[in-house]
Amino acid sequence: MAEVQDGHCDSMSQSTDSLRVEPIYESFLCPLTKQVMRDPVTIDSGVTFEREAIMKWLNECLSSGKRLVCPVTKKELSSTDLNPSIALRNTIDEWMNRNEAAKLDVAHKSLTSDSTESDILQALQYVDEICQRSRSSRQVVRRDGLISMIAELLKNSSTKVRQKALETLRSIAKDDDDNKVVFFFSVNRMSFGA
């Protein structure tokens, strides 16, 4: 598999030796969207696409009266069947989980007052992106003890850090009552000097 650069924000990875994020492999990217696939499907030509992207392509062909062809090979399609690529989806999920774990490890190490503003902001960005992925990702952030560390950043002298910390806490708490409780407990504990 050919490697391509990680499309996720990894500006900190060049300066942080502890970040061991695996590269994105070309086969993980949809040829139409150039994004990592979440629901890969293979069409008649043998090429794999993100389901939503290829469905849009096929619908546009059908509605405009164009020949149904593969957007990559230009081969005429004899079928519009979309075959789920379960093995590829599982491989991508495993890759994403390993990358999330590496990024959370870096975030955990960077969310301290000893870190530079840019490292803290990058760590908060990692956590924010991970929390937007799914509820289970938000629960991992809670279990890793990052909520209280992020809440502590609300006292940081940098306005940018305080703002990003608040945005990240909002992402963590989204649709998750348990995370809201941990957040409010952390803030109350800070307020009373515990």
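The structure presented is a predicted model; accordingly, all values stated were derived computationally and were not measured. Numbers for residues simply follow the sequence, beginning at 1. Worth knowing before you read on, the calculation uses all heavy atoms, side chains too, and leaves out hydrogens, waters and symmetry mates.
- Criterion: ILVMFWY side-chain heavy atoms under 4.5 Å apart, direct or through other members. Under it, Ile147 and Leu104 are part of a common hydrophobic cluster.
- A heavy-atom distance below 4.5 Å is not found between the side chains of Thr168 and Leu153.
- Note that the CZ atom of Arg133 and the CD atom of Glu100 stand 4.5 Å from one another [nearest 0.5 Å].
- For Arg38, the salt bridge (Lys or Arg N to Asp or Glu O under 4.0 Å) criterion is met by no residue, not counting sequence neighbours.
- Atom CG in Asp105 sits 8.5 Å away from atom NE2 in His108 (nearest 0.5 Å).
- Looking at Glu117 and Ser158, their side chains do bring a donor and an acceptor atom within 3.5 Å of each other.
- Among all heavy-atom pairs drawn from Ser27 and Met37, the shortest one is O-CE, 3.3 Å.
- Taken to the nearest 0.5 Å, the CG atom of Asp93 stands 10.5 Å off from the CZ atom of Arg98.
- Cluster annotation: Ile43 and Ile92 are assigned to distinct hydrophobic clusters (Ile/Leu/Val/Met/Phe/Trp/Tyr, side-chain heavy-atom contacts under 4.5 Å, transitive).
- Counting only distance, with no hydrogens or angles, the side chain of Asn99 and the backbone of Trp95 share a donor-acceptor pair below 3.5 Å.
- Residue pairs meeting the salt bridge (Lys or Arg N to Asp or Glu O under 4.0 Å) criterion with at least one partner in residues 54-69, sequence neighbours excluded, are Arg67-Glu76.
- Rounding to the nearest 0.5 Å places OH of Tyr126 at 14.0 Å from CG of Leu146.
- Phe28 is not connected to Val72 by any chain of hydrophobic side-chain contacts under 4.5 Å among Ile, Leu, Val, Met, Phe, Trp and Tyr, and they are in different clusters.
- In this structure, the side chains of Leu166 and Gln163 stay at 4.5 Å or more apart for every pair of heavy atoms.
- When all heavy atoms of Leu77 and Ser45 are compared, the pair lying nearest together is CD2-N, 3.8 Å.
- Both Leu124 and Met149 are members of a single hydrophobic cluster when ILVMFWY side chains are connected at heavy-atom separations under 4.5 Å.
- Within the structure, every pair that satisfies the salt bridge (Lys or Arg N to Asp or Glu O under 4.0 Å) test and touches residues 156-173, not counting sequence neighbours, is listed here: Asp128-Lys164, Lys164-Glu167.
- Partners of Ser157 under the side-chain hydrogen bond (donor to acceptor under 3.5 Å, both in side chains) rule, at least two apart in sequence or in another chain, do not exist in this structure.
- In this structure, Ile150 and Ala165 approach most closely via the heavy-atom pair CG2-O, 3.6 Å.
- Using modelled atom types, one side-chain atom of Glu50 and one backbone atom of Asp39 make a donor-acceptor pair closer than 3.5 Å.
- Under the side-chain hydrogen bond (donor to acceptor under 3.5 Å, both in side chains) criterion, Thr48 pairs with Thr42, sequence neighbours left out.
- Taking all atoms of both residues into account, the shortest heavy-atom contact from Ala151 to Leu169 is CA-CD1, 4.0 Å.
- The minimum heavy-atom distance between Ile120 and Thr112, with the atom names listed, is CD1-O, 3.5 Å.
- Pro84 and Arg51 make their closest contact through CG-NH2, 3.9 Å (heavy atoms, listed as atom of the first residue, atom of the second, distance).
- The only option from Asn83, Val47, Leu88, Leu82 that meets the side-chain contact (heavy atoms from CB on, under 4.5 Å) definition with Val41 turns out to be Leu82.
- The distance from atom CG of Asp114 to atom NZ of Lys109, rounded to the nearest 0.5 Å, is 14.5 Å.
- For Asp81, the side-chain hydrogen bond (donor to acceptor under 3.5 Å, both in side chains) partners are Ser79, not counting sequence neighbours.
- Put simply, OG on Ser136 and CD1 on Ile130 are 11.5 Å apart, with the number rounded to the nearest 0.5 Å.
- Looking at heavy atoms from C-beta onward, Cys131 lies in side-chain contact with Arg138 at the 4.5 angstrom threshold.
- With Asp44 contributing its side chain and Ser78 its backbone, the two residues share a donor-acceptor pair below 3.5 Å.
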